[in-house]
Amino acid sequence: MGSKTLIIGACGQIGSELTNRLRSELGIENVIASDIRESNLELVNSGPFEIIDAKSYTEIKNCIQKHNVGTVYLMAALLSATGEKFPEKAWDLNMSSLLNVLNLAKEKIISKVFWPSSIAVFGPTTPKQNTPQRTIMEPTTVYGITKQVGERWCEYYFNNYGVDVRSIRYPGIISWKTLPGGGTTDYAIDIFHKAINEGHYDCFLTEDTALPMMFMDDAVKATLDIMNADANAVKIRSSYNLAAISFTPKELANEITKQIPDFTINYEPDFRQKIADSWPNSIDDTAARQDWKWKHVFDLQTMTNEMLQQLGKPTIS
Ligand code: VAH
């Protein structure tokens, strides 16, 4: 089995930051980035890069064998809002890519897999406050359905073939290095760019839409924490609830206004309101905190500070 690491979907929001962090930990030459196209030139030119269609078992296998890969992070997916526009494409990409990688692990061609689930696995009948690890899951988006089915496949491959696949249910993730990419929670990224560049934001969710969120540094930390944990500590092989902060667009706008006093916001809900309304307001991640010692670092204020500072607005210390 190989010793190197492959990130599929490396040009995406999480994939690009995960690639940089893994390269700093493992060495640039030991981390191969891949995506369907060269959409992030900084990343493409920063180390080994391959064009891979995640729907192609053969292309993934060829890359694994060419580069002596043992661990795969599968970060390619169509997210919630885009998935509602292209349901068949979302199902095809999100499911075929996962089964390709799980089968490569079942065939002992690779030894370890990370696959991201999402709070989108929950639906309107799920308890909304402090959503438990195990509860009602009736997702109403194609993206959520693919994540729910994907979790069952991960647990099946672990139980029946001993595949070491590990997964976490990411909340909305906020970062500054890449622009928003088709997610419902991406309002919480877009708002920072608009606040700095235009002083105003037309939010596509209502002011009181509370959603579970996390700053990217915490999401990357959690990903490496679960992947570096002892196999026996990873007791849940479907996917772990993960939480950090929960806030509404109004609460985020108020935090931004502390540093950009003239910032204004309008609330003009669109089709993404129905998606957001189907998701929890907050998540119980006790299992992750107990099993592999997860704990978040960034809260709403420190996340806002970091975003404004990195995007070019001096913050009040
Ligand atoms: C989305 N950012 O909005 C993703 C995430 C919990 C939401 O999975 O689709």
Side-chain angles (χ1 to χ4, degrees), residues 9 11-18 73-87 89-91 93-95 97-98 114-124 126 128 131 135 137-151 167-193 203-206 209-216 218-220 222-223 238-249 252 269-285 288 296 303 307:
C11 290
Q13 180 196 19
I14 306 173
S16 54
E17 303 216 31
L18 198 53
Y73 290 75
L74 174 55
M75 307 309 289
L78 285 188
L79 297 182
S80 59
T82 310
E84 291 309 290
K85 290 177 184 168
F86 306 102
K89 277 179 70 175
W91 174 263
L93 171 60
N94 296 7
M95 297 323 308
S97 59
L98 175 59
F114 176 80
W115 175 75
S117 184
S118 162
I119 59 150
V121 289
F122 300 117
T126 303
K128 282 200 173 298
T131 301
T135 185
M137 296 164 76
E138 297 177 316
T140 52
T141 63
V142 174
Y143 174 69
I145 292 166
T146 68
K147 292 304 184 183
Q148 183 180 31
V149 173
E151 291 187 5
S167 178
I168 50 183
R169 292 170 181 157
Y170 288 130
I173 293 178
I174 297 154
S175 61
W176 52 273
K177 287 183 186 167
T178 55
L179 291 174
T184 300
T185 57
D186 288 344
Y187 89 86
I189 299 172
D190 212 11
I191 191 171
F192 286 100
H193 293 273
C203 183
F204 56 74
L205 298 180
T206 58
T209 306
L211 288 170
M213 298 281 194
M214 178 179 287
F215 187 54
M216 176 62 79
D218 275 333
V220 170
T223 307
S238 50
S239 190
Y240 277 88
N241 274 6
L242 199 75
I245 38 186
S246 285
F247 53 77
T248 64
L252 180 55
D270 67 12
F271 75 98
R272 289 165 285 194
Q273 185 64 45
K274 184 165 176 270
I275 297 172
D277 288 342
S278 73
W279 290 344
N281 299 146
S282 59
I283 297 286
D284 173 5
D285 61 358
H296 72 281
M303 180 272 290
M307 286 292 285

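Only heavy atoms go into these numbers, but all of them, side chains included; no hydrogens, no water, no symmetry mates. Both ligands and their constituent atoms are indexed starting at 1 by order of listing.
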For Ile173 versus Met216, what's the shortest heavy-atom pair and its separation?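 Scanning both residues, the minimum pair turns out to be CG2-CE, 3.7 Å.
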
Of all heavy-atom pairs between Asp285 and Leu242, which one has the smallest distance, and what is that distance?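 Closest approach of Asp285 to Leu242: CB-CA, 3.7 Å.
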
Tell me the protein heavy atom at minimum distance from [atom], and give that distance in Å.
atom                   : result
atom 4 (C) of ligand 1 : Thr185 OG1, 4.0 Å
atom 8 (O) of ligand 1 : Tyr143 OH, 2.7 Å
atom 9 (O) of ligand 1 : Ser80 OG, 2.6 Å
atom 3 (O) of ligand 1 : Thr184 N, 2.7 Å

Below 3.5 Å, N or O to N or O, backbone or side chain included: is there any such pair between Asp186 and ligand 1?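 Not met; the criterion fails.
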
Just jot down the ring-ring contact (aromatic ring centres under 6.0 Å, His included) partners of Phe114, sequence neighbours excluded, or say none.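 Partners of Phe114 by the ring-ring contact (aromatic ring centres under 6.0 Å, His included) criterion, ordered by chain and then number, come out as Tyr73.
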
Who passes side chain to side chain donor-acceptor pair (under 3.5 Å) against Ser80, sequence neighbours left out?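 Applying side chain to side chain donor-acceptor pair (under 3.5 Å) to Ser80 gives Thr184.
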
Nearest neighbour of atom 6 (C) of ligand 1 from the list Ile173, Leu79, Ile119, Ile189, on a heavy-atom basis: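 Shortest heavy-atom distance from atom 6 (C) of ligand 1: Ile119.
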
Regarding Glu151 and Arg169, does a basic nitrogen lie under 4.0 Å from an acidic carboxylate oxygen?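 Salt bridge flag = yes for Arg169 with Glu151.
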
